Amino acid sequence: MDRKTRMTVLLEEALNPSMLVIRDDSARHQHHAHMRSVQENSRGPAQVGETHYAVEIVSDKFDEMRALARHRLVNELLAPEFEQGLHALSLTLKGTKDV
Amino acid sequence: MSDSVFQTIQNMIDTHPVMLFMKGDKLFPQCGFSARVVQILTHLDTPFETANVLESPELRQGIKDFSQWPTVPQLYVKGEFIGGCDIVTDMYQSGELETLLVEKGIVKASD
């Protein structure tokens, strides 16, 4: 399972989103010094790329939550991915009342 | 994570009213997200201090544990964690960030 699929499963299960878009931006950040070293040290395809993602979510779970709390919740849900090389996550999180 | 890193971070956020943990520095940010926060703070005429996490692996991991926040940049105002690039950008666009900085006496209200 690739990272995008794992993230989709984690987020759908926890947030039951009415909209979920996950974009893999890793290719745009390949030139970073740190990202190059990650790739050079990589022993398998799983560690190549899959570092930078942009995620948009609309969920009623976010209603009545402040921005910081929404971000903390998603960061927490994706903690296993951060432990496995997820490096940057750009989040757009809306409650159903915000759209 | 050693207590000394936490103590160092605590000292930084206590000492500097606006403290940005970032990759690179104000003149040469090493990451687009860090660059954007520098740009926003500069645009609001905010006096701020930065710490470059790329210079210290201990700080780089320490700030993530301290804030319980997995990414850099991270912005603190008067010792309070504000958020990362997305939150700072949203707050800037809504005017909330300027309001906060004015309320905390860090910048003057714009006309």
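The basis for the numbers below is simple: all heavy atoms, side chains too, and nothing from hydrogens, waters or symmetry mates. This one's a predicted model, so the numbers in the text were calculated from it and none came from an experiment. Lettering of chains follows the sequences in order, A, B, ..., and the numbering in each one begins at 1.
Of all heavy-atom pairs between A:Leu68 and B:Gly83, the closest is CD1-CA, 4.1 Å. Smallest separation of non-hydrogen atoms from A:Arg72 and B:Gln68: NH1-O, 2.7 Å. Contact between A:Leu89 and B:Asp86 at its shortest, heavy atoms only, is O-OD2, 3.7 Å.
The side-chain hydrogen bond (donor to acceptor under 3.5 Å, both in side chains) check on A:Asp63 picks up A:Thr96, with sequence neighbours excluded.
Around the CD atom of B:Gln10, the shell of radius 6.0 Å holds more than 12 heavy atoms that belong to other residues, nucleotides or ligands.
Hydrophobic clustering places B:Trp69 together with B:Met91 (ILVMFWY residues linked when any side-chain heavy atoms are closer than 4.5 Å, directly or through intermediates). Hydrophobic clustering (ILVMFWY, side-chain heavy atoms < 4.5 Å, transitive): A:Val58 and A:Leu91 are in distinct clusters. Criterion: ILVMFWY side-chain heavy atoms under 4.5 Å apart, direct or through other members. Under it, B:Met12 and B:Phe6 are part of a common hydrophobic cluster.
Here B:Ile87 is the residue among B:Val72, B:Thr71, B:Ile82, B:Ile87 with the most heavy-atom pairs under 4.5 Å with chain A.
In this structure, chain A has a heavy atom under 4.5 Å from the side chain of B:Phe33, while its backbone stays farther away.
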